[in-house]
Each structure stands twice: as C-alpha cells, then as structure tokens.
S.K.: 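My questions all concern the structure below.
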Amino acid sequence: MKRHSGFTLIELVVTVAIVGILASAVIPLGQLNVKRIKEAELRAALRDIRSALDAYKKAVDEGRVEKAVDASGYPPSLEILVQGVPDIRDPKKRPMHFLRRLPRDPMYPDPAASPQETWGKRSYESPPDAPREGADVYDIYSLSRESGLNGLSYQAW
C-alpha cells in the first residue's frame, strides 16, 4: 500500500466514509432544530399579534378608541396596531400603540414580503373553518400549507 502523509489510502477512504456518514446523520438533526426554532418564533408571533388585537378591542370597549356604530371593535388592519390610534379619553389625544413592530410569519417563504403580507387575516364576520378577510382583523393565521412537528397544520395554530 502506498503511504500518504502517514495514512494508507484505505485508512483515508474509511475516514472520509465515516465523516460522510456522521454528516448525513447530523444534517436531519440540524433541519429539525431549525424547524423547532421557526415554530417557536411562530408561536411567539401569533401570541403577540393576538394579544395586540385583544388589547385594541378592549380599548374600544373601554371607550378609548373611536368606533363606528356598525364596526366590530377590532382594528381595520394589522398596521394600525403599530401606527397607533388616538386615545380619545386623553385630553392631548396621544396615540396608543399595541405593537412596537409587526412580526413576520417565520413560515412564509418570501423573505422580501412585508410582514403584513405574510399573515392570513380573518374578519369578525368570517367563520373559523373558512377564514376570510373583511372590514376588520379579528384573528390571524399562518399562510403556510405545511404541518408542524405536532402534526397540526400551521394554519390551525
């Protein structure tokens, strides 16, 4: 056998094969870890936005946000949660903000899309099993057709 830098060719081939096998085992674990991280980000984003939607509705119910007579009391858009609305109880009409920034759906495939484009929006009048947009934003959901590690579609989270 020909020696190459202290190793035989067979030893070198075996070493490369072992490294290849180990790498092929590590890659799926890495992908699983990335999916777990994205799912944690999705849970946090859903919680933050839904809490902001509830806070907006509570402010309307308390008479701090102006509401049209025929409106549901939920915000007309996600952007308004960040932009803020005047507190009509405040003599200076200072704006109330419900989110510092609108989080993106981490499952959305296009990184160039704006955060508001990454979410599906459900209006108050829309049924839960067939969500559709309308005059307000009652709830949000992921537009991803994939399923989570728990077996549920991200749209159902």
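Scope of the values below: all heavy atoms of this structure, side chains included, with no hydrogens, waters or symmetry mates. Start at 1 with the first residue, then count along the sequence.
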S.K.: So, does R50 use its side chain to make a donor-acceptor pair with the main chain of I140 at under 3.5 Å?
M.R.: yes
S.K.: Does the T118 side chain pair with the main chain of P115, one donor and one acceptor, at a distance under 3.5 Å?
M.R.: yes
S.K.: Using only atom types and a distance under 3.5 Å, with no angle test, would you say the side chain of R36 pairs donor to acceptor with the backbone of A40?
M.R.: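 Between the backbone of A40 and the side chain of R36 there is no qualifying donor-acceptor contact (under 3.5 Å).
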S.K.: Using a strict threshold of under 4.0 Å (side-chain N to carboxylate O), is an ion pair present between K58 and D54?
M.R.: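 No, no charged N to carboxylate O under 4.0 Å.
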S.K.: Which atom pairs, donor and acceptor, lie under 3.5 Å between side-chain atoms of residues 146-154 and protein residues at least two apart or in another chain?
M.R.:
residue	atom	partner	partner atom	Å
N150	OD1	L152	N	3.0
S153	OG	Q155	N	3.2
Y154	OH	E39	OE2	2.6

S.K.: Could you walk me through whether V85 and F98 pass the side-chain contact (heavy atoms from CB on, under 4.5 Å) check?
M.R.: CA-CA 9 Å; V85 292; F98 301 93; 3.9 Å; yes
S.K.: Determine yes or no for a side-chain-to-main-chain donor-acceptor pair under 3.5 angstrom, with S126 supplying the side chain and R122 the backbone.
M.R.: no
S.K.: When you measure from the side chain of R104 to the backbone N and O of Q116, does any donor-acceptor pair fall under 3.5 Å?
M.R.: no
S.K.: Spell out, as yes or no, whether a donor-acceptor pair under 3.5 Å connects the side chain of H97 to the backbone of L81.
M.R.: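 Here the side-chain-to-backbone pair does not exist.
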S.K.: Taking K93 for the side chain and P91 for the main chain, is one N or O donor matched with an acceptor at less than 3.5 Å?
M.R.: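 Checked: no pair found.
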S.K.: Can you name the closest pair of heavy atoms from P103 and W119 and give their distance?
M.R.: O-NE1, 2.8 Å
S.K.: First locate atom NZ of K38, then atom CG of N33, and finally report the distance between them rounded to the nearest 0.5 Å.
M.R.: 12.5 Å
S.K.: Give a yes or no answer on whether the side chain of W157 reaches the backbone of L46 with a donor-acceptor pair at less than 3.5 Å.
M.R.: no
S.K.: If you link ILVMFWY side chains whenever their heavy atoms are less than 4.5 Å apart, which other residues fall into the same cluster as Y74? By chain and number, please.
M.R.: Y124, Y138
S.K.: Decide whether M96 and Y56 are clustered together by the hydrophobic rule: side chain heavy atoms of Ile, Leu, Val, Met, Phe, Trp, Tyr closer than 4.5 Å, transitively.
M.R.: yes
S.K.: Does either side chain, that of E79 or that of S77, offer a donor lying less than 3.5 Å from an acceptor on the other one?
M.R.: yes
S.K.: Ion pair present between D87 and R64, side-chain N to carboxylate O less than 4.0 angstrom?
M.R.: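 Salt bridge flag = yes for R64 with D87.
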